[in-house]
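Quantities reported herein were computed from a predicted structural model and do not represent experimental measurements.
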Amino acid sequence: MPELPEVETVRRGLRKLVQGSRITEVEIMYPKMIEGDSREFATTLRGKVLEDVDRRGKFLLLRFSDGWTVVSHLRMEGKYFVEKKGAPIRKHTHVIFNLDDGRQLRYNDVRKFGRMRLIKTGSETQLPSLKKLGPEPVAADFKVAAFYQGLQKKKKAIKPALLDQNLVTGLGNIYVDEVLWMSKIHPQTPCNHLTQADVQILHDNIIQELARAVEAGGTTIRSYTDAFQNEGGFQFELQAYQKTGQPCPRCQTPIERIVVGQRGTHFCPNCQQVK
DNA sequence: TCCTGTACCTGAAAGC
DNA sequence: TGCTTTCAGGTACAGG
């Protein structure tokens with residue numbers, strides 16, 4: 001399930017593999033994957049060069065010539081890979097970008113949750129889904145004072161607040177459980193109960209954890225692979241996520257699983273207590 | 001405005 | 001063994 005580190009790893013892979021390639025044809029097998037007119041999506045991209053691949057939060061921004069951008073979200077199980085034209089089409093391949101060198105950039109998505117949208121480059125900041133995104137989880141953008149103020153205005157639990165993408169972007173279910181464990185904060189703690197000291201620790205752990213996960217090439221739990229079809233390495237670093245019944249690495253108390261905001265949630269009942 | 005619940009999807013695992 | 005049910009979760013959207 002791609003979160004920021006996985007999307008960043010895909011972005012880097014796509015840059016290496018297909019930057020500079022020209023699209024000769026786009027085949028769309030599952031039109032619902034395309035937001036807006038899927039035929040227009042295909043005809044507009046014909047002849048365009050993929051000039052760069054950017055990222056905002058968990059959204060990939062594929063930059064094409066003549067001022068076009070494809071905004072792509074992998075959601076749960078979306079993945080891109082490159083194969084030669086004529087190679088067997090795998091099950092769950094929904095969009096194929098034919099390239100001028102005989103290769104194909106293929107988008108595969110078992111759950112069909114992923115979405116793509118074609119927009120004019122520069123207008124992505126006006127898309128509601130991108131407009132609402134909080135800062136990137138890096139020290140230059142993500143400021144602890146604004147984070148604390150944002151949390152003080154919320155009464156809901158910290159876990160769904162972090163999954164919202166409004167206060168900071170890039171966290172998903174795995175990394176939220178991890179950073180809350182690292183910060184000794186119970187996932188059901190109301191946001192406005194957190195002290196400045198709690199928020200400072202949480203802020204620093206979010207930056208540190210996501211940077212480490214990017215370095216490791218992301219986390220593979222179910223099916224994630226990057227554009228080279230490599231799995232991530234960060235699943236071996238997880239301390240709490242999916243560790244139900246296993247001893248907490250800090251205090252040896254068994255990790256528990258509860259449901260918070262309809263999401264499976266893993267925490268240490270000793271280290272992480274509700275305030 | 002904020003918050004909660006649900007739909008979208010399929011495959012794996014669990015239950016019978 | 002084979003069928004049915006439950007679960008996994010990121011985002012958009014509806015409704016309170």
Side-chain angles (χ1 to χ4, degrees), chain A residues 1-11 28-36 38 55-61 70-80 90-95 107-117 119 124 126-134 136-137 149-180 187-193 206 210 213 218-225 232 235 238 240-245 256-267:
Chain A
M1 46 211 82
E3 304 182 27
L4 186 145
E6 293 75 44
V7 179
E8 175 60 20
T9 306
V10 170
R11 184 190 76 82
I28 301 168
M29 282 77 96
Y30 184 67
K32 272 183 79 175
M33 198 136 272
I34 311 297
E35 294 179 336
S38 60
R55 179 188 58 73
R56 176 74 177 101
K58 301 178 199 171
F59 291 85
L60 285 167
L61 303 169
V70 170
V71 180
S72 170
H73 199 299
L74 307 174
R75 296 278 181 97
M76 299 301 301
E77 304 207 25
K79 45 178 89 94
Y80 285 98
R90 297 184 213 189
K91 199 178 173 187
H92 309 303
T93 296
H94 305 304
V95 182
Y107 178 77
N108 186 288
D109 192 337
V110 170
R111 308 275 263 281
K112 295 182 175 171
F113 275 9
R115 291 292 178 266
M116 292 180 204
R117 175 185 285 273
I119 57 163
E124 60 268 17
Q126 297 310 310
L127 276 183
S129 49
L130 271 80
K131 205 174 178 179
K132 67 158 199 175
L133 295 180
E136 292 287 318
Q149 281 173 9
L151 289 168
Q152 286 301 295
K153 291 177 194 160
K154 291 182 184 288
K155 295 175 185 169
K156 68 172 171 180
I158 183 65
K159 171 152 183 175
L162 292 177
L163 289 172
D164 258 2
Q165 311 297 305
N166 301 331
L167 293 166
V168 60
T169 185
L171 292 165
N173 206 42
I174 298 170
Y175 296 114
V176 165
D177 280 6
E178 291 299 305
V179 298
L180 289 175
Q188 288 176 313
T189 307
C191 294
N192 59 356
H193 287 200
I206 290 170
L210 290 179
T219 301
T220 298
I221 292 294
R222 235 182 77 91
S223 63
Y224 161 76
T225 59
Q235 58 275 20
L238 300 178
Y241 182 77
Q242 286 194 347
K243 302 289 183 187
T244 311
E256 287 186 8
R257 182 187 181 278
I258 55 173
V259 176
V260 182
Q262 291 83 49
R263 297 288 175 255
T265 298
H266 311 80
F267 73 107

**Message:** Is there a side chain to side chain contact (heavy atoms under 4.5 Å, CB included) between A:Lys32 and A:His94? Walk through the geometry before answering.
**Reply:** CA-CA 10 Å; A:Lys32 272 183 79 175; A:His94 305 304; over 6 Å; no
**Prompt:** What's the CE-C1' distance between A:Met76 and B:dA12, to the nearest Å?
**Reply:** 14 Å
**Message:** Measure CG/A:Asn173 against P/C:dC7 and give the value in whole Å, please.
**Reply:** 15 Å
**Request:** Name the nucleic acid region contacted by A:Lys154, choosing base, sugar-phosphate or nothing; use a 4.0 angstrom heavy-atom cut-off, strictly under.
**Result:** sugar-phosphate
**Message:** Tell me whether A:Asn173 contacts the main-chain N or O of A:Gly264 through its side chain, where contact means a donor paired with an acceptor under 3.5 Å.
**Reply:** yes
**Prompt:** Given atom NZ of A:Lys58 and atom C1' of C:dG9, what is their separation to the nearest angstrom?
**Reply:** 10 Å
**Request:** Measure the distance from CG on A:Leu4 to C1' on C:dG10 and round it to the nearest whole Å.
**Result:** 14 Å
**Phosphate contact (C:dG9 OP1 or OP2) by A:Tyr241 side-chain N/O below 4.0 Å** = yes
**Message:** Just the rounded figure in Å: distance from C1' of C:dT11 to CG of A:Leu162.
**Reply:** 16 Å
**Request:** Report the distance from atom CZ of A:Arg263 to atom P of C:dG9, rounded to the nearest whole Å.
**Result:** 7 Å
**Message:** Looking at C:dT11, I'd like to know if its phosphate oxygens (OP1 or OP2) sit under 4.0 Å from a side-chain N or O belonging to A:Gln165.
**Reply:** yes
**Request:** Look at the side-chain N and O atoms of A:His92 and state whether any lies under 4.0 Å from the OP1 or OP2 oxygen of B:dG11.
**Result:** yes
**Prompt:** Can you find a side-chain donor-acceptor pair between A:Ser72 and A:Tyr107 that sits under 3.5 Å?
**Reply:** no
**Request:** Give a yes/no answer on whether the side chain of A:Lys132 brings an N or O atom under 4.0 Å of OP1 or OP2 in C:dA12.
**Result:** yes
**Message:** Can you identify which nucleotide, out of B:dT4, B:dT10, C:dG10, has its nearest atom closest to the A:His73 side chain?
**Reply:** C:dG10
**Prompt:** Between B:dT1 atom P and A:Asp164 atom CG, what is the distance in whole Å?
**Reply:** 15 Å
**Prompt:** Separation of A:Leu127 atom CG from C:dC13 atom P, in whole Å?
**Reply:** 12 Å
**Prompt:** Just wondering, do A:Phe113 and B:dC8 stack (centres under 5.5 Å, planes under 30°)?
**Reply:** yes
**Prompt:** Quick one: are A:Leu74 and A:Glu6 in side-chain contact, heavy atoms under 4.5 Å?
**Reply:** no
**Item:** Residue closer to the 5' end of DNA chain B, A:Lys91 versus A:Gly261 (nearest nucleotide)
**Value:** A:Gly261
**Item:** Modelled atom types, side-chain donor and acceptor of A:His266 and A:Asp177, under 3.5 Å
**Value:** yes
